[in-house]
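Each chain gets a letter, A, B and so on, in the order its sequence line appears, and its residues count up from 1. Keep in mind that the numbers below use all heavy atoms, side chains included, and drop hydrogens, waters and symmetry copies.
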2 protein chains.
Amino acid sequence: MKLSTRGHYGLKAMYDLALNYNNNPVPLKSIARRQNLSNNYLEQLVAMLRKNGLVRGVRGAQGGYVLTKDPADITVGEIIRTLEGPIAPINCVSEVRTNTCQQCNYCIIHILWAQVRDSIAEVLDSTTLADMCHDTGKIQDITGTIQEV
Amino acid sequence: MKLSTRGHYGLKAMYDLALNYNNNPVPLKSIARRQNLSNNYLEQLVAMLRKNGLVRGVRGAQGGYVLTKDPADITVGEIIRTLEGPIAPINCVSEVRTNTCQQCNYCIIHILWAQVRDSIAEVLDSTTLADMCHDTGKIQDITGTIQEV
DNA sequence: TATAAAACCTAGTATTTCAGTCGGAATTAG
DNA sequence: CTAATTCCGACTGAAATACTAGGTTTTATA
């Protein structure tokens, strides 16, 4: 019942970009340094996000990445689905129907996994990057320290 | 964001045993046949459940497995944790603290994963095998068919 | 008492996924 | 021109997954 690091690292990067929204493009190198991630690996993850239209790359010197939308319009769910695929505790209870399991509709076990799926989606889809940035401010107010992630 | 087949198959087996609670011990071979699972593989999963005290093996001819507790006292959460380990979308947000991530308490991303973890646990811990058997009856009433799982 | 059914145990294995590394080509600000 | 940066594709070691295989005990029953 684990997320891979893809979703986790990718969310870190998107969160970092959200904190820098409205500033200059942010180069991956600086994200990798701040978030303590492998530059090359992060590159692959961001490529997925780019192909899915969540970020835009600015090439050349002083380039980097920027969000294509306002942080308030990007949910964590979008990010995770991009990097990890549809939310599905097991294959035949995927958000995207892939196989044809005859029993799914009337099988109590499948109904249970569907509940799990929906409760995960509920959390992820109801949180935006803007929410996270906002809450970060609150945490900083309490602790008086700057966050690393 | 996937469960392995261990949890899924193991739950199927436990559900099968719950439907046969108060009857004779159920041999794995018959469970494997009904649920369409590999006998040898299932054996390994059931061994984990046995070592965790959820089932008891009865050796010899006419032997099999029985639940050690009433189905109403066995939650799906217990079964899944036995087979898949603690519920933890990522390592530093495990139900069981394994590493020492300094930032966890005041990091917004970790707080999010903790919410995901808790929403999963809520679903799994609030469902017992007896609930599932009961609901199966309802489904059968509606469809008029016997369930395979 | 012999037999067959079953739990119990250990080892091996093919495949896939994960989490990267590496090296280079294209683009562009200064 | 140069350095910074995105972009691209191939490769890789390690781990996990989902089994298979083949044995040894144990025990109800004929």
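The OH-P distance, from B:Y41 to D:dA21, rounds to 16 Å in whole Å. Between A:E43 atom CD and C:dG23 atom C1' the separation is 11 Å, expressed in whole Å. When the P atom of D:dT17 is taken as reference, atom CG of B:L3 falls 10 Å away, rounded to whole Å. The CZ-P distance, from A:R56 to D:dT5, rounds to 16 Å in whole Å. Following rounding to the nearest Å, B:Q44 (CD) and D:dG22 (C1') show an atom-to-atom distance of 13 Å. The interatomic distance linking B:L17 (CG) with C:dA7 (P) rounds to 10 Å, in whole Å. One atom, NZ of B:K29, and another, P of C:dA7, lie 9 Å apart when rounded to the nearest Å. Between the CE atom of A:M48 and the P atom of C:dA19 there is a distance of 12 Å, rounded to whole Å.
When the nucleotides C:dA7, C:dC18, D:dT20 are ranked by their closest atom to the side chain of B:L28, C:dA7 comes out on top. Taking only side-chain atoms of B:R50, from C-beta outward, the nucleotide of C:dC9, C:dC18, C:dG30 with the closest atom is C:dC9.
Applying the 4.0 Å criterion to OP1 and OP2 of D:dT20, one finds that B:S38 has a side-chain N or O inside that range. OP1 or OP2 of D:dC19 lies within a sub-4.0 Å distance of a side-chain N or O belonging to B:Y9. For A:R6 and C:dC18, the shortest distance from a side-chain N or O to OP1 or OP2 is below 4.0 Å.
Taking the side chain as every heavy atom from C-beta outward, B:H8 and B:K2 never approach each other to under 4.5 Å. Taking the side chain as every heavy atom from C-beta outward, A:N20 and A:L67 never approach each other to under 4.5 Å.
The base of D:dT6 sits within donor-acceptor range of the side chain of A:R59, with an N or O pair under 3.5 Å.
If you find the closest nucleotide of DNA chain D to A:A61 and to A:N40, the one lying nearer the 5' end belongs to A:A61. For B:E84 and B:N39, each mapped to the nucleotide of DNA chain D holding its nearest heavy atom, the one lying further toward the 5' end belongs to B:E84.
The residue A:V58 sits close only to the backbone: its heavy atoms come under 4.0 Å of sugar-phosphate atoms, none of a base. A:G60 comes within 4.0 angstrom of a nucleotide base, judged by non-hydrogen atoms across all strands.
To the nearest 0.5 Å, atom OG1 of residue B:T68 and atom CG of residue B:D73 are 9.5 Å apart.
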Margin query: Applying side chain to side chain contact (heavy atoms under 4.5 Å, CB included) to B:R117 and B:E95, what does each step give before you reach the verdict?
Written below: CA-CA 8 Å; B:R117 177 196 65 200; B:E95 291 177 313; 3.8 Å; yes
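With 3.5 Å as the limit, one finds a donor-acceptor pair spanning the side chains of B:Y41 and B:T5.
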